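First up is the structure itself, then whatever we jot down about it.
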Amino acid sequence: MLELTFLREHREEAEQRLLKRNIDARSLLDQASSLDEKRRSTQQELDARLAELNGLSRTIGDLMRTGKKEEAEAARAKTTELKATAASLKEQLEAVEKALHDHLCTIPNAPSKNVPPGRTPEENVTVMQEGAIPTLHAGARPHWELGEEYGFLHMDLGVKVTGAGFPVYSGQGAKLQRALISFFLDRAIAAGYREIIPPHMVNADSAFGTGQLPDKEGQMYHATVDGLYLIPTAEVPITNLYRDEIVDAAQLPVKMVGYTPCFRREAGSYGAHVRGLNRVHQFDKVEIVRIEKPENSYAVLDEMVEHVKGLLRALELPYRQLLLCGGDMGFSSAMTYDMEVYSAAQERWLEVSSISNFETYQSNRLKLRYRGEDKKPRLAHTLNGSALALARIVAALLENNQTPEGIRIPEALQAYTGFAMIHK
RNA sequence: GGAGAGGUGGCAGAGCGGUCGAAUGCGGCGGUCUUGAAAACCGCUUUACCCGCAAGGGUAACGGGGGUUCGAAUCCCUCCCUCUCCGCCA
């Protein structure tokens, strides 16, 4: 949620920034400010009535104690109408507060100053590209065929056991998954992140805190009997560790990393591009999360990008860095870089990481604050990024490194896999 | 799943119908003392919203929601959570 004070004090800026998402925010912001005014006037009125009521109660207490029963009765009679007025005002206040809250929930984060305007992925800006695009031998195949041929990836068994989009890995394929997870975790830990193993299901408050609810309700698996959601990313449980907290400035930055499986319904995204591991309902991901002072958050975003680049280089994958345009960014983000790797057999770029600065959009929902030098609580900035998402990394790794003799494992990973080649 | 106990400020822990945002202790911050430190002593120490340039003032919050009452941390209802015991189980 955008901060009300920001909308009040920097109305013009908010409007300009939201324009980069191609939304004309004027009427949205008008409505927010009129609800806000209504809220404040109602509260003033209510507070005044309650103050009167409190005064009367004190008076009655005094009168009772001094035995002036009749005067007390008279004062008591006066409270009836006041109470009714206060009750109705309270009802109005709650209604307008809810309306304002719900309304603010419909407004996405305001893109930061450097975000390019635009509405489609074509308008994203390629910041850099690195690594040679491999030339494959004749008869090279896409990863889903490789997986079947080598016998380490079984989409069909996933269908039997669960349904489409739930891959089964076996043998060297399973080991490769585990190796990647360990490799990513070790690199993050070496970079100063604290490892977290969070719950894989979250409650509605957590899903709201990071912005999955109400915006992306249909994208999460929902265990309705217990009111819990399967996490779509470790960002949700890990960031929510700090919900309703005020951390001391000295504790910042908070750097956390976690591996979790991620569950996504991907409702409505079926088609030609979703074969094999390109888009699945369950995949593994190592996520880095940071809680930062506002003045540092953009430098930190760059630092996180560098971390991810290091991983991609170590895996010897050709990749490019995209700065997302306003229209392609996630609802809660102020600025997002996507990292894509080239998957040579499909001749496609696959998104393997998304690194975002949410500024105070999440922390405002989370009530995640820090105590600054002036001892006043202020909203912190939150950031997170995939480092990295497995399924697509595996796809690119398999396709790019296939040879007639087998599939080569990048050197950096061999200590983790225990083998240098995947054989039939 | 069954039975019982309990949820109060950063922590521990009182309060059980009125002046209680809340005793006391610990912790934290500031000060006195000291060459410095410790000890001792003194003071301060929640958050949100509203009004105000500010000083300051108002309202709300004792797990959540509802009720009784002029007045509730205190009484009633309900939900949630934690702990102990029993059962079941990785």
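Owing to the predicted nature of the structure, the values given are computational and were not obtained by experimental measurement. Chain naming here is simple, since letters A, B, ... match the order of the sequence lines and numbering starts at 1 in each.
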Atom [atom1] of [X] and atom [atom2] of [N]: how far apart are they, to the nearest Å?
| X | N | atom1 | atom2 | result |
| --- | --- | --- | --- | --- |
| A:E70 | B:C70 | CD | P | 18 Å |
| A:N364 | B:C49 | CG | P | 10 Å |
| A:H101 | B:C49 | NE2 | P | 13 Å |
| A:K376 | B:U46 | NZ | P | 11 Å |
| A:R8 | B:C49 | CZ | P | 9 Å |
| A:K83 | B:G67 | NZ | C1' | 11 Å |
| A:E3 | B:C49 | CD | C1' | 15 Å |
| A:L53 | B:A72 | CG | C1' | 14 Å |

Task: A:H281 versus A:A164, closest heavy-atom pair with distance - done: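 Between these two residues, the closest heavy atoms are CD2-O, 3.0 Å.
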Which nucleotide in the list [options] gets nearest to the side chain of [X]?
| X | options | result |
| --- | --- | --- |
| A:R40 | B:U46, B:C51, B:C49 | B:C51 |
| A:Q44 | B:C50, B:C70, B:A48 | B:C50 |
| A:S57 | B:C70, B:U47, B:C51 | B:C70 |

Task: Residues forming a side-chain contact (heavy atoms from CB on, under 4.5 Å) with A:D248, sequence neighbours excluded - done: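 A:D248 satisfies side-chain contact (heavy atoms from CB on, under 4.5 Å) with A:A250, A:Q251 only.
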Open item on the list: Output one letter per nucleotide in nucleotides 55-61 of chain B: B when a protein non-hydrogen atom lies under 4.0 Å from the base, S when only the sugar-phosphate is that close, - when neither is.
Closed with: ---BSS-
Integer angstrom distance from the [atom1] of [N] to that of [M]:
| N | M | atom1 | answer |
| --- | --- | --- | --- |
| B:G52 | B:U59 | C1' | 15 Å |
| B:G6 | B:C16 | P | 16 Å |
| B:C20 | B:U45 | P | 16 Å |
| B:G67 | B:G17 | C1' | 15 Å |
| B:U74 | B:U68 | C1' | 13 Å |
| B:A73 | B:A60 | C1' | 14 Å |
| B:G63 | B:C11 | P | 13 Å |
| B:G43 | B:A23 | P | 14 Å |

[N] pairs with which nucleotide, Watson-Crick or G-U wobble, both distances below 3.5 Å?
| N | result |
| --- | --- |
| B:A60 | B:U47 |
| B:G25 | B:C11 |
| B:C81 | B:G6 |
| B:A55 | none |
| B:C41 | B:G31 |
| B:G71 | none |

Open item on the list: Does A:R365 qualify as a cation-pi partner of A:F208, given the criterion of NZ or CZ under 6.0 Å from the six-membered ring centre and within 45 degrees of its axis?
Closed with: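 Yes, a cation-pi geometry.
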Just by distance, no angles: are the side chains of [X] and [Y] close enough, under 3.5 Å, to form a donor-acceptor pair?
| X | Y | result |
| --- | --- | --- |
| A:Y370 | A:R378 | yes |
| A:N203 | A:S206 | yes |
| A:E399 | A:H143 | yes |
| A:T210 | A:E235 | no |
| A:N109 | A:E359 | no |

- [ ] May I ask you to verify if any side-chain N or O of A:R371 is less than 4.0 angstrom from the OP1 or OP2 atom of B:C29?
- [x]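 False: A:R371 side-chain N/O out of range (4.0 Å or more) of B:C29 OP1/OP2.
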Task: Which residue lies more 5' along RNA chain B, comparing A:L56 with A:D36 via nearest heavy atoms - done: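 Of the two residues, A:D36 wins.
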- [ ] Could you say whether A:K375 or A:G61 is positioned toward the 5' end of RNA chain B, judged by the nucleotide with the nearest heavy atom to each?
- [x]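 Its nearest nucleotide lies further toward 5', so the answer is A:G61.
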- [ ] Report which part of the nucleic acid A:R369 touches: base, sugar-phosphate, or nothing (heavy-atom distance under 4.0 Å, all strands).
- [x]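 It contacts sugar-phosphate atoms only.
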Task: A:E73 bridged to A:R76 by N-O distance under 4.0 Å - done: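 So A:E73 pairs with A:R76 through a salt bridge.
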